[in-house]
Amino acid sequence: MHFTLRQLEVFEAVARLGSYTKAARELHLSQPAVSMQVAQLEEQAGIALLEQVGRQARLTEAGRELYARVRAVQRELAEAEEVLAAHRGLRGGRLRLAVATTAGAFATRVLAAFARRHPGVRLALEIINRAELLARLEAHEADLAIMGQPPAGAPLRARPFLDNPLVVIASPEHPLAGQRRIPLARLAEERFVLREEGSGTRGALERLFAGHGLVLRAELEMSTNEAIKQSVAAGLGLAVVSLHTLELELAAGRVRILDVEGFPLMRRWYLVQRRGRRLGPAAAAFAAFLPEVAAEMVRLPDGVAPTGREAV
Ligand code: PGA
């Protein structure tokens, strides 16, 4: 008998899902292609393995026998893959990391340190917004993501590993620069340069204002923190950004952090993966490495107390 692994895989999917159509969808094949693989398998077996009962594809007696053994073969093959990966160690492994725009400021630094420790690993870094991050995880196109708290109820596993303090910045010439304990309501009179819809930073600011019954003057929108900081330095308005993006601008005196009541506003960084997904050796090594080094690699500007009120 010359069964191919592919035939067995197709047969297993039809039997498990009870449907040729669903199996075709899962395997990214056309339905005729699925039927053909099963028909060939049955021809070689010399006996019917599946029968159609109404809309359901059901296993025959012989089909059930084969199905149990195919499942066992699949488990063995998956284990064999893991054993080989463990033998290879990290060398030749691959890590696909996707991070939120704001986390891009430190993720490259962490990734560079990881690459120095594990030179054999192939690395891919994507810097995208929150909505895109969730889509990547959903489609299994990223092993791990670094982002703000993911939505409750999503099939994700998220571990917080670092605080993310948000601060209000202004140009050093702004009338509010240097004032002490500015009331939040005073900010409602100012124009803000905001991140795009879908940014976690923007969401936190919007919720803070809404929670105090304040309306945000949102006239300018930009999709990178760099553009926002330059606009603020040029006097276009105020902005709320993560302290993690400010090291250079503060040192160069291009922007000032305002002393606003309730700020810094505390968010948190999370390392996120799909629930139930086994990480490869490279991704698992990164998941262990990140919390170890994050606090020391994410440099905060001198003299800024990174404590504040929890963001909602
Ligand atoms: P960002 O940051 O989406 O504003 O870049 C991530 C977050 O704070 O959730």
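Remember, it's 1-based here, ligands and their atoms both numbered in the order they're listed. Scope of the values below: all heavy atoms of this structure, side chains included, with no hydrogens, waters or symmetry mates.
Among protein heavy atoms, atom 4 (O) of ligand 1 sits closest to Thr201 OG1, 2.6 Å. Nearest protein heavy-atom neighbour of atom 7 (C) of ligand 1: Arg267 NH2, 3.4 Å.
Where the criterion is an N or O separation shorter than 3.5 Å, residue side chain and backbone included, Asn225 fails it with respect to ligand 1. For ligand 1, the polar-atom distance check against Ser199 finds a nitrogen or oxygen pair separated by under 3.5 Å.
The side-chain hydrogen bond (donor to acceptor under 3.5 Å, both in side chains) test applied to Glu9 returns Arg6, not counting sequence neighbours.
Under the 3.5 Å distance criterion, the side-chain polar atoms of Gln44 are left unmatched by any main-chain donor or acceptor of Leu41. The closest donor-acceptor contact from the side chain of Ser199 to the backbone of Arg195 lies at 3.5 Å or more, if one exists at all. Between the side chain of Glu42 and the main chain of Leu50, a donor-acceptor pair closer than 3.5 Å is present. Between the Thr60 side chain and the Leu49 main chain, a donor and an acceptor come within less than 3.5 Å of each other. A distance-only check finds no donor-acceptor pair linking the side chain of Lys229 to the backbone of Thr224 [under 3.5 Å].
Contact annotation for Trp269 and ligand 1: only side-chain heavy atoms (C-beta onward) come within less than 4.0 Å of the ligand. When heavy-atom distances to ligand 1 are checked against a 4.0 Å cut-off, Gln149 has no atom that comes that close, whether in backbone or side chain.
Val232 places none of its side-chain heavy atoms less than 4.5 Å from the side chain of Val241.
Taking every heavy atom of Arg195 and a limit of under 4.0 angstrom, the matching atoms of ligand 1 come to 1 (P), 3 (O), 4 (O), 5 (O). The ligand atoms of ligand 1 that sit less than 4.0 angstrom from a heavy atom of Thr101 are 5 (O).
The closest non-hydrogen atom to atom 1 (P) of ligand 1, taken over Thr102, Ile128, Val99, comes from Thr102. Distances from atom 3 (O) of ligand 1 to the heavy atoms of Gly200, Gly104, Gly203 show the closest one on Gly200.
Within the 4.0 Å heavy-atom shell around ligand 1 one does not find Met147.
Between atom CG of residue Asn225 and atom CD of residue Gln230 there is a gap of 11.5 Å, rounded to the nearest 0.5 Å.
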